Amino acid sequence: MIDKKETFVNSVKMKVDPESTWFYKEITFYKQGVYKVYVYNEKDRFLGVGKMQTTIK
């Protein structure tokens with residue numbers, strides 16, 4: 001059986017230009033797996049979510 005429970009790993013805060021339509025942040029992942037990345041604004045309003053998978057070679 002596959003465990004589909006999410007586990008919180010880390011939080012990263014950064015300043016962004018409010019006029020920009022995009023941003024980036026370099027993050028190191030130490031374990032391979034599938035990650036969901038949630039994005040919130042400075043007032044903790046949910047803006048969006050993305051899913052990614054990491055592999056270690």
Side-chain angles (χ1 to χ4, degrees):
M1 185 169 131
I2 298 173
D3 183 12
K4 295 191 182 233
K5 182 175 75 169
E6 290 184 17
T7 303
F8 176 80
V9 177
N10 196 3
S11 179
V12 178
K13 291 187 177 187
M14 61 185 279
K15 289 190 175 206
V16 297
D17 179 0
E19 301 299 317
S20 294
T21 58
W22 62 275
F23 69 92
Y24 74 93
K25 176 71 175 171
E26 186 174 318
I27 300 174
T28 302
F29 291 84
Y30 295 100
K31 293 184 179 181
Q32 72 178 25
V34 176
Y35 292 86
K36 281 188 177 178
V37 178
Y38 295 88
V39 179
Y40 294 84
N41 70 8
E42 72 280 358
K43 295 179 181 177
D44 289 330
R45 180 174 169 235
F46 176 72
L47 300 178
V49 62
K51 188 171 160 182
M52 61 170 282
Q53 182 171 357
T54 61
T55 57
I56 297 175
K57 293 183 179 184

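Just so it is clear, the values below take in all heavy atoms, side chains as well, and ignore hydrogens, waters and symmetry mates. Computed from a prediction, not measured in an experiment: that's the story for all the values here.
Scanning both residues, Thr54 and Gln32, for their nearest heavy atoms gives OG1-CA, 3.1 Å.
Judged as a side-chain hydrogen bond (donor to acceptor under 3.5 Å, both in side chains), and not counting sequence neighbours, the contacts of Lys36 are Glu6. Shown here are the side chain to side chain contact (heavy atoms under 4.5 Å, CB included) partners of Tyr40, two or more places apart in sequence or in another chain: Tyr38, Phe46.
We find the OH-NZ distance between Tyr35 and Lys51 to be 14.0 Å, quoted to the nearest 0.5 Å. With rounding to the nearest 0.5 Å, the separation of NZ in Lys25 from NZ in Lys13 is 13.0 Å. Separating the OG1 atom in Thr28 from the CG atom in Asn10 is a distance of 10.5 Å, to the nearest 0.5 Å.
Both Val9 and Ile27 sit in one connected hydrophobic cluster of ILVMFWY residues. Membership requires side-chain heavy atoms under 4.5 Å apart, directly or through other members. Criterion: ILVMFWY side-chain heavy atoms under 4.5 Å apart, direct or through other members. Under it, Leu47 and Phe23 are part of a common hydrophobic cluster. Side-chain heavy atoms closer than 4.5 Å link hydrophobic residues (I, L, V, M, F, W, Y) into clusters, and following such links, even through other members, never connects Tyr24 to Val37.
Through direct or indirect side-chain contacts shorter than 4.5 Å among Ile, Leu, Val, Met, Phe, Trp and Tyr, Ile56 is connected to no other residue.
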